[in-house]
Amino acid sequence: MDLFTIVTARADYEQGALVIIDQTQLPGREVYLALKTSEEIWEAIYLLKVRGAPAIGVAAAYGVAVCMQKVAATGFDDFYREFSRVKDYLASSRPTAVNLFTALERLNRALLKHQGVGVEILKQVLREEAEAIRKEDAEACRKIGEHGLSLLKPGMGLLTHCNAGHLAVSEYGTALAPIYLGQEQGFGFSVFVDETRPLLQGARLTAFELQKAGVNVTLICDNMASSVMKQGWVQAVLVGCDRVAANGDTANKIGTSGVAVLAKYYGIPFYVLGPTSTIDMDCPTGKEIKIEERDPAEVTEKWYDRRMAPEGIHVYNPAFDVTPAELITAIITEKGIAYFPFNDTFREWKKNK
Ligand SMILES: CSC[C@H]1O[C@H](OP(=O)(O)O)[C@H](O)[C@@H]1O
């Protein structure tokens with residue numbers, strides 16, 4: 001199957017389901033799931049069956065629209081009551097990626113603008129707004145690829161952490177978008193991929209994506225990034241983002257801030273790529289970003305047929321960390337490239353939404 005024919009999330013209103021590829025089965029099995037209840041959708045987001053900030057937002061928007069098609073409401077008030085219940089429930093699945101909340105809020109605002117219409121129109125409003133969210137994300141990712149590629153040169157060695165590719169968005173990717181565009185234009189990048197413990201999004205998903213796309217890819221353990229940089233094999237680091245604070249502090253997969261420190265030490269540009277929808281102007285700095293903590297079993301026994309740590313060992317398993325703005329060379333979005341200090345550019349971008 002061609003990489004770009006994989007669909008991360010879509011709404012199938014005929015069968016009343018949010019359809020996703022189950023990313024926990026990749027790379028071995030390409031399995032699609034039809035999720036018909038808000039509980040199934042919540043669990044799919046929490047277990048990272050669908051994941052990546054923009055993909056979570058698109059999946060949640062489609063999920064709410066699908067669930068609300070089945071509601072036998074008599075008027076706006078009880079339709080909106082059920083909508084609010086489903087929206088708030090899905091919002092409780094994961095706390096860090098801002099796109100989950102901005103997508104759900106867009107649906108909320110769309111409904112509130114249509115209080116005087118019938119229930120069938122309200123259902124259509126949700127379908128249309130969810131589709132608009134997906135379409136805007138796909139368009140943003142291509143532009144991110146173009147802006148990102150303008151900073152790269154043919155033959156460069158690149159390093160990336162986690163998965164911010166086609167599987168993390170609706171189409172194409174963010175951090176991987178310039179790599180795909182470069183592949184189309186013969187840039188001949190060589191890409192080092194951090195496996196990204198504990199859930200191995202790099203090994204399982206980014207390596208899978210880049211190999212399928214015919215990119216020269218090398219998988220490394222997270223603790224090898226310094227050695228690879230020291231040998232001069234990396235000329236730029238590209239990573240995604242889950243929430244960017246107003247000052248540019250960026251929450252991304254755990255381990256990202258360590259890569260940024262290494263990049264600074266070795267004098268390698270460190271680029272964050274993502275849609276402006278991931279910039280949260282209500283979050284002044286990284287200190288205000290809520291970092292998801294996950295099940296310790298992901299650290300002690302997720303990938304093994306036996307425990308790799310003593311019973312009862314205390315485990316700290318944050319899913320994200322925050323890279324301080326001063327370690328970031330540039331933040332690349334569909335609206336262009338921002339350099340430190342980021343605040344004014346962000347205000348401009350978010351003003352002309
Ligand atoms: C394009 S956003 C990708 C972003 O999301 C990942 O987190 P998770 O796999 O837990 O959803 C990771 O932080 C990626 O950089």
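Note that the structure is a prediction, hence the values are computed from the model and not measured. Just follow the structure's listing: the first ligand is 1, and inside any ligand the first atom is 1.
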Donor-acceptor pair, Ser257 side chain versus Thr323 backbone, under 3.5 Å?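 No: the side chain of Ser257 does not pair with the backbone of Thr323.
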Counting only N and O atoms by type, is there a donor-acceptor contact under 3.5 Å from the side chain of Glu82 to the main-chain atoms of Asp78?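 No; judged by distance alone, with no hydrogens or angles, the pair does not exist.
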Give the atom numbers and elements of ligand 1 that come within less than 4.0 Å of a heavy atom of [X].
{"X": "Leu48", "result": "9 (O), 10 (O)"}
{"X": "Gln201", "result": "8 (P), 9 (O), 10 (O)"}
{"X": "Gly52", "result": "3 (C), 5 (O), 11 (O)"}
{"X": "Ala168", "result": "1 (C), 3 (C)"}
{"X": "Arg94", "result": "8 (P), 10 (O), 11 (O)"}

Among protein heavy atoms, which lies nearest [atom], and at what distance?
{"atom": "atom 12 (C) of ligand 1", "answer": "Cys162 SG, 3.4 Å"}
{"atom": "atom 13 (O) of ligand 1", "answer": "Asp242 OD1, 2.5 Å"}
{"atom": "atom 1 (C) of ligand 1", "answer": "Thr174 OG1, 3.4 Å"}
{"atom": "atom 2 (S) of ligand 1", "answer": "Ala53 N, 3.4 Å"}

Tyr180: which of His166, Gln185, Glu209 passes side chain to side chain donor-acceptor pair (under 3.5 Å):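 That would be Glu209; it is the only one of His166, Gln185, Glu209 passing the side chain to side chain donor-acceptor pair (under 3.5 Å) with Tyr180.
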Qualifying residue for side chain to side chain donor-acceptor pair (under 3.5 Å) with His161, from Asn252, Thr206, Asp194: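 In the set Asn252, Thr206, Asp194, the residue that makes a side chain to side chain donor-acceptor pair (under 3.5 Å) with His161 is Asp194.
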With a 4.0 Å heavy-atom cut-off (strictly under), which part of [X] contacts ligand 1: side chain, backbone, both or neither?
{"X": "His161", "answer": "neither"}
{"X": "Cys241", "answer": "backbone"}
{"X": "Lys253", "answer": "both"}

Any N/O pair Phe320/ligand 1 closer than 3.5 Å: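 There is no such contact.
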Output yes when the distance from some N or O of ligand 1 to some N or O of Asn252 is under 3.5 Å, and no in every other case.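 Min N/O separation from ligand 1 is below 3.5 Å for Asn252.
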Between Lys36 and Glu40, does any side-chain N to carboxylate O distance fall below 4.0 Å?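 Salt bridge: no.
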Leu47-Tyr32 co-clustered via ILVMFWY side chain contacts under 4.5 Å: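 Different clusters: Leu47 never reaches Tyr32 through Ile, Leu, Val, Met, Phe, Trp or Tyr contacts under 4.5 Å.
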Do Tyr62 and Ile6 belong together in a cluster built from hydrophobic side chains that touch within less than 4.5 Å?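 They do not share one cluster, since no chain of ILVMFWY contacts under 4.5 Å joins Tyr62 to Ile6.
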Judged by non-hydrogen atoms, does Pro54 sit under 4.0 Å from ligand 1?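 A heavy atom of Pro54 does come that close to ligand 1.
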Quick one: does Val239 get a heavy atom under 4.0 Å from ligand 1?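 No, that is not the case, since the closest heavy atom of the residue is not under 4.0 Å from the ligand.
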Looking at non-hydrogen atoms alone, which of Gln23, Arg294, Arg51 comes nearest to atom 9 (O) of ligand 1?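 Nearest heavy atom to atom 9 (O) of ligand 1 lies in Arg51.
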Nearest heavy atom to atom 3 (C) of ligand 1: which of Asn163, Ile144, Ile56 does it belong to?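 Considering heavy atoms of Asn163, Ile144, Ile56, the nearest to atom 3 (C) of ligand 1 sits in Asn163.
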I'd like to check the salt bridge (charged side-chain N to carboxylate O under 4.0 Å, His left out) partners of Arg197; sequence neighbours left out, ordered by chain and number.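 Testing Arg197 for salt bridge (charged side-chain N to carboxylate O under 4.0 Å, His left out), a comparison that skips the adjacent residues, returns none.
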Are Lys230 and Tyr266 in a cation-pi contact, defined as NZ or CZ under 6.0 Å from the six-membered ring centre and within 45° of the axis?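 Cation-pi check for Lys230 and Tyr266: fails.
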Look at the aromatic rings of Phe340 and Phe342 and report parallel, tilted or perpendicular, splitting at 30° and 60°.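 Plane angle over 60°, so perpendicular.
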Sequence neighbours left out, cut at 3.5 Å: what donor-acceptor pairs do the side chains of residues 140-153 make with other protein atoms?
unit_1	atom_1	unit_2	atom_2	d
His147	NE2	Glu334	O	3.2
Ser150	OG	His147	O	2.5

